[in-house]
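A quick write-up on the structure given underneath.
Positions are given from 1 along the sequence.
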Amino acid sequence: MTAIAILAAIGTIFLLLAAYIVLAERYGEMHSALILAGCAFGLAITIYIIMKISDAAARKRQRERAKIDTSALLTIAALAAAPAVLRSRGLLMLAVPVIAFSGLSLLTKKKKRRPVDDSSSGDGI
């Protein structure tokens, strides 16, 4: 892998040198250097923006995965505690309202709606 990286770096250097020579013959030395520098900075900024977008998407996936893991862990803990709660009459009386409230909150949770696209309704024909 090191040899491939070294040969790729040498090839890139010669490619940039050839581009500089062609641009220098056409536009002059100063303009060709500025053109190559501008292209390099533009490419660097583009790669930076792509990396930031990719990093934000990865963080979002990680947060969603953490939410799913947390809810799974809470479900497992509730199932593990269920036999103890069902044996004790006092704990059972406390658990019934909590279960009812959590079930009600799951049923009434609002879902995000997508905007309706009216362009395909066919009214304009």
Side-chain angles (χ1 to χ4, degrees):
M1 291 303 283
T2 305
I4 292 171
I6 290 171
L7 291 173
I10 291 171
T12 304
I13 290 170
F14 277 109
L15 183 65
L16 287 172
L17 184 62
Y20 176 78
I21 291 170
V22 169
L23 289 172
E25 289 176 355
R26 183 161 201 175
Y27 298 110
E29 294 175 0
M30 181 61 75
H31 286 130
S32 63
L34 290 174
I35 290 170
L36 288 176
C39 289
F41 282 126
L43 188 61
I45 290 171
T46 304
I47 291 171
Y48 177 75
I49 291 171
I50 291 170
M51 286 175 50
K52 283 296 191 180
I53 291 171
S54 174
D55 188 42
R59 270 191 257 129
K60 182 179 178 183
R61 281 192 307 270
Q62 186 177 12
R63 278 194 304 265
E64 290 173 359
R65 208 173 311 131
K67 284 182 186 178
I68 292 171
D69 290 346
T70 302
S71 66
L73 184 63
L74 290 175
T75 303
I76 291 170
L79 289 174
V85 169
L86 293 175
R87 278 191 217 127
S88 170
R89 184 160 176 78
L91 287 177
L92 183 61
M93 296 307 266
L94 290 174
V96 169
V98 170
I99 292 171
F101 178 73
S102 61
L104 183 64
S105 68
L106 286 175
L107 290 175
T108 60
K109 196 178 276 189
K110 292 184 179 181
K111 295 182 180 179
K112 294 180 182 177
R113 294 185 179 183
R114 292 185 181 180
V116 178
D117 185 20
D118 293 335
S119 63
S120 62
S121 62
D123 294 340
I125 297 177

Spacing of Thr2 atom OG1 and Ile4 atom CD1 [to the nearest 0.5 Å] = 9.0 Å
Would Phe14 end up clustered with Ile35 when hydrophobic side chains under 4.5 Å apart are linked, directly or stepwise?
-> no
Spell out, yes or no, whether Leu36 and Phe41 are grouped together once hydrophobic residues are joined by side-chain heavy atoms under 4.5 Å, including indirect joins.
-> no
Nearest-0.5 Å distance, CG of residue Leu34 to SG of residue Cys39 = 11.0 Å
Give the C-alpha distance, both sets of side-chain angles, the deciding distance and a yes or no for salt bridge (Lys or Arg N to Asp or Glu O under 4.0 Å) between Asp69 and Arg65.
-> CA-CA 6 Å; Asp69 290 346; Arg65 208 173 311 131; over 6 Å; no
Could you tell me whether Gln62 atom CD has more than 12 heavy atoms of other residues or ligands within 6.0 Å of it?
-> no
Report the distance from atom CD1 of Ile50 to atom NZ of Lys52, rounding to the nearest 0.5 Å.
-> 14.0 Å
Members other than Met51 in its cluster, when Ile, Leu, Val, Met, Phe, Trp, Tyr link by side-chain heavy atoms under 4.5 Å?
-> Leu43, Ile47
Connected via hydrophobic side-chain network under 4.5 Å: Val22 and Leu16 | no
Atom CG of Leu23 and atom CE of Met30: how far apart are they, to the nearest 0.5 Å?
-> 14.0 Å
Atom CZ in Arg26, atom OG in Ser32: separation rounded to 0.5 Å?
-> 12.5 Å
